[in-house]
Each structure stands twice: as C-alpha cells, then as structure tokens.
Amino acid sequence: MLHGETILIATGSAPFRPAGFAFEDDRVCDSDEILEIDRIPRRLLVVGAGVIGSEYACTFAALGADVHLIDGRGALLPFLDGEVSTALGAAMSRLGVTFHWNERVVSCALTGRDGDAVVTLSSGATLRGDTVLVAAGRTSNTAALRLEAAGVAVGERGLIAVDRQYRTNVPHIFAVGDVIGFPALAATSVEQARVAMSCAFDLGFKSQIASILPYGIYTIPEVSMAGETEESLRKQGVDYVAGRALYAENARGQIIGDRGGFLKLLFRKSDWKLVGVHVLGEQASELIHIGLVVLTMDAGWDLFNRVCFNYPTLGVLYQRAAYDAAGSRSRPASS
Ligand SMILES: Cc1cc2nc3c(=O)[nH]c(=O)nc-3n(C[C@H](O)[C@H](O)[C@H](O)COP(=O)(O)OP(=O)(O)OC[C@H]3O[C@@H](n4cnc5c(N)ncnc54)[C@H](O)[C@@H]3O)c2cc1C
C-alpha cells in the first residue's frame, strides 16, 4: 500500500469495445490488437472514421489492402476545415480507401473458422472482409482504481471531471491525459500534467495549458491544423480572408514530389491577424508549428511579410499563402 498527500491519476485509456463484435476471434481487432496481426489483410473493414480509424485505413491501404471505412456520420473528420476534409477524402480514395458514410454496423458475423467476416450495415448492405478493425473511441482506464472509495466522481466511459488546474472533486487528487477525455493527445497530456503539478506544489511554473492546441493527424497525406476553420469563423460571423499555397508550386514540395499538398492561412479581415492554419501534405505536423507560434503571439500578415524564409523549404509556403490572401481581397497595410 502506497500513501501520498498528492495523487496524480494518469492511467490513460483503452479501446472502447462496442457490443456485437467477437473480439475473442483473431479476425476482429481493436486498435491495440491490430498491431499484433501477423499478415496484411486482403480486405480490411474499419468501423469508425475518427482519427485512429482514418490513420489505420491509410496505413493498410498503402500496404496494399482493400480498405473499407464505415461511419455513422456523413463527413471525414468534421472538425477539420471543410476544404481540407474534402481534399483528404479524395486523397484517401485515390489511395484505395472506400468510404461508407451514414452507415452503422448492425451486425458482424464470422463465417466458419477461417472464413470472412460479414458486416451488415444500417442500409441493409453487407460487406465482407478477412479482418475487421473496430475503432469506436476510447474508454478511460479507471475501472480498476476503485475511485469511489476515495470519493472521486467518475462519469460516462470512466471519464474523470477536473477543473482548470486538473484537480478532481477531491482536492488533493489530480487527473490528466486520456482519463479526463478530450483532446486525449500525448502532446496535451504532458502539458496538463505540468500544470497540475505546478499547481499542486505551488511551483508558479505553468498555470494553464495553451489556449490554441495543434492537431496532427497521420493519415496519408498527413494533416495538421491550429486555430479556426472557415466553418467556425462563418458560424461566429467573423469576416476573414483565406490564402493558399501549393506544394506543387513550391521548390521543396517539387523536390520531395508532393503534388497534392497545400497550406492555407485564415486572416481576420478587420485587423489581418492570423486566426487559423491548415496544412495537408508531407511534414504537415511539423510545418504547423510556424503558424501555431504566430497564432499564439496574436500576430498576423505583417509578420509573414517581414520574415525571410530559407529556400528551398516548405516554410516559404507561409509567405506565399500570406501574399495569396493579400492579393485576393483588400490588401493589408504593410510595414
Ligand atoms: C492508435 C493511436 C494513435 C495515437 N496517435 C497520437 C499522436 O499521433 N499524437 C498524439 O499526441 N497522441 C496520439 N494518441 C493519443 C496518445 O497516445 C494518448 O493521448 C496519450 O498516450 C495519453 O497519455 P496518458 O499518459 O494519459 O496515458 P497512456 O500513455 O496510455 O499511459 C497510461 C499508463 O498508465 C498505465 N496504467 C493504466 N492503469 C494502471 C494502473 N491501474 N496502475 C498502474 N499503471 C496503470 C498504463 O499501462 C500506461 O502505461 C494516439 C493514440 C492511439 C490509440
């Protein structure tokens, strides 16, 4: 038995296993078990087109599997900027992923000992595959902790509720990472832990995590974003100007052979502050950091105009996209 005056719960999460799938059979995998398979599936049925389902769909399609991605929603990763989501969907289709939108799996039957899995969809259609990957979200690893004995409140799928300093309803017990849910990323979990421990031990080091978080999605092609999308700006009634730069027209993009990538910047029209950055293509999740720093500094068009970027680099895409934005509508006052 260990005792502590301060406790940090960071036990992470496990794949959520919906009812109706025979996970005890090798042909049906969750997102942990798929790493253990000993062959590339001939035909892979992926249930759930979230980040994890989409990433694995791309990986196996690139490895030559015939991949079918099934989701109850009607759009790919709907939190992405719509233009990026559409471009990613088209790229994934070219890679060999077939989408089944607005479909729920109503049953998953296994034929014989070594036969295919047959998935029946809500429309009545059936799909056959030798492997089924169920990527239907995550559940917090809290069941074994007996948190009720300590008085810690636990919600749906084992989620622990916390305040802005990651303190649970029991003041000396903190929780961070996947056990508290969204955004459930390695990047954010470690920042949350820094805030929690800085607060617990009064270190004065970090009192909250960054208000703008980047998202890196390792599909093929890679996607990354930070800040607002065109859709979220329209919803808020914010006037904006978009600027785009294509990898195909960038020297480094041409060298690395990325013909479909693009970087898109969104500027608030009233003051030309940067409000959103979106990248689809090679190194997207690295490239996003330039935009993320500009967003965090609350800077904008003028900064891209002043900076001289190395050549040939993908970083030049930022300046190009900024000039594209300036050329497309009323030009901002330059310094
Ligand atoms: C397929 C996949 C791809 C991902 N890709 C990315 C990505 O590209 N970028 C990104 O930022 N995030 C990614 N994530 C999310 C990321 O892995 C998690 O958000 C992150 O690991 C959460 O950190 P954590 O410390 O909360 O939990 P974990 O990293 O899961 O660590 C929890 C640890 O606690 C241990 N543990 C559990 N229960 C107990 C117990 N009772 N006693 C003792 N120890 C226990 C576990 O064994 C584990 O070692 C991905 C996740 C998945 C599943």
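Order of listing sets the numbers, starting from 1, for every ligand and every atom in it. Quantities reported herein were computed from a predicted structural model and do not represent experimental measurements.
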Legend entry - Per-atom contacts, ligand 1 versus Tyr218 - under 4.0 Å to a heavy atom: 8 (O)
Inset, instruction - For Ser224 and Tyr215, test the side chains for any donor-to-acceptor distance below 3.5 angstrom and give the result as yes or no. - result: no
Legend entry - Ion pair check, Glu228 and Arg268, cut-off under 4.0 Å: no
Inset, instruction - Check the side chains of Tyr240 and Arg234 for a donor-acceptor pair under 3.5 angstrom, ignoring hydrogens and angles. - result: yes
Inset, instruction - Specify the protein heavy atom at minimum distance from atom 41 (N) of ligand 1: its residue, its atom name, and the distance to 0.1 Å. - result: Leu145 CD2, 3.5 Å
Inset, instruction - Could you tell me whether some N/O pair between Val179 and ligand 1 is separated by less than 3.5 angstrom? - result: no
Inset, instruction - Inspect the contact between Asp66 and Arg43 and indicate whether a charged nitrogen and a carboxylate oxygen are less than 4.0 angstrom apart. - result: yes
Inset, instruction - Could you tell me whether Arg39 atom CZ has more than 12 heavy atoms of other residues or ligands within 6.0 Å of it? - result: yes
Inset, instruction - Establish whether atom 50 (C) of ligand 1 and some protein heavy atom are separated by less than 4.0 angstrom. - result: no
Legend entry - atom 27 (O) of ligand 1: the protein heavy-atom neighbour that sits closest, reported with distance to 0.1 Å: Gly12 CA, 3.2 Å
Inset, instruction - Could you see which bit of Asp178 sits under 4.0 Å from ligand 1, with heavy atoms only: side chain, backbone, both or neither? - result: both
Inset, instruction - Mind checking the CZ-CZ spacing from Arg42 to Arg128? Nearest 0.5 Å is all I need. - result: 9.0 Å
Legend entry - Ring-face cation contact, Phe16 with Arg157, 6.0 Å cut, 45° max: yes
Inset, instruction - Give the atoms of ligand 1, by number and element, whose distance to some non-hydrogen atom of Gly177 is under 4.0 Å. - result: 26 (O)
Legend entry - Test item: protein heavy atom less than 4.0 Å from atom 17 (O) of ligand 1: no
Inset, instruction - Please check if a non-hydrogen protein atom sits closer than 4.0 Å to atom 38 (N) of ligand 1. - result: yes
Legend entry - Closest approach of any protein heavy atom to atom 15 (C) of ligand 1, naming residue and atom: Ala184 O, 3.6 Å
Inset, instruction - Tell me which protein heavy atom sits closest to atom 4 (C) of ligand 1, plus the residue, atom name and distance to 0.1 Å. - result: Glu55 OE1, 4.7 Å
Legend entry - Between Ser13 and Arg138: side-chain donor-acceptor atoms closer than 3.5 Å: yes
Legend entry - Proximal atoms of ligand 1 relative to Ala187 (non-hydrogen, under 4.0 Å): 11 (O)
Legend entry - Basic-acidic side-chain contact under 4.0 Å: Lys264, Glu230: yes
Inset, instruction - Please state which part of Asp32 comes within less than 4.0 Å of ligand 1, counting heavy atoms only: side chain, backbone, both or neither. - result: neither
Legend entry - Heavy atom of protein closer than 4.0 angstrom to atom 43 (C) of ligand 1: no
Inset, instruction - Taking atom types as modelled, find out whether Glu55 and Thr219 have a side-chain donor-acceptor pair closer than 3.5 angstrom. - result: no
Inset, instruction - Specify the protein heavy atom at minimum distance from atom 33 (C) of ligand 1: its residue, its atom name, and the distance to 0.1 Å. - result: Ala10 O, 3.9 Å
Legend entry - Protein heavy atom at shortest distance from atom 52 (C) of ligand 1: Ile52 CD1, 3.7 Å
Legend entry - Nearest neighbour in protein (non-hydrogen) for atom 48 (C) of ligand 1: Thr11 O, 4.7 Å
Inset, instruction - Identify the protein heavy atom lying closest to atom 12 (N) of ligand 1, giving its residue, its atom name and the separation to 0.1 Å. - result: Ala186 N, 3.1 Å
Inset, instruction - Indicate yes or no: does Asp324 engage Arg320 in a salt bridge with an N to O separation below 4.0 Å. - result: no
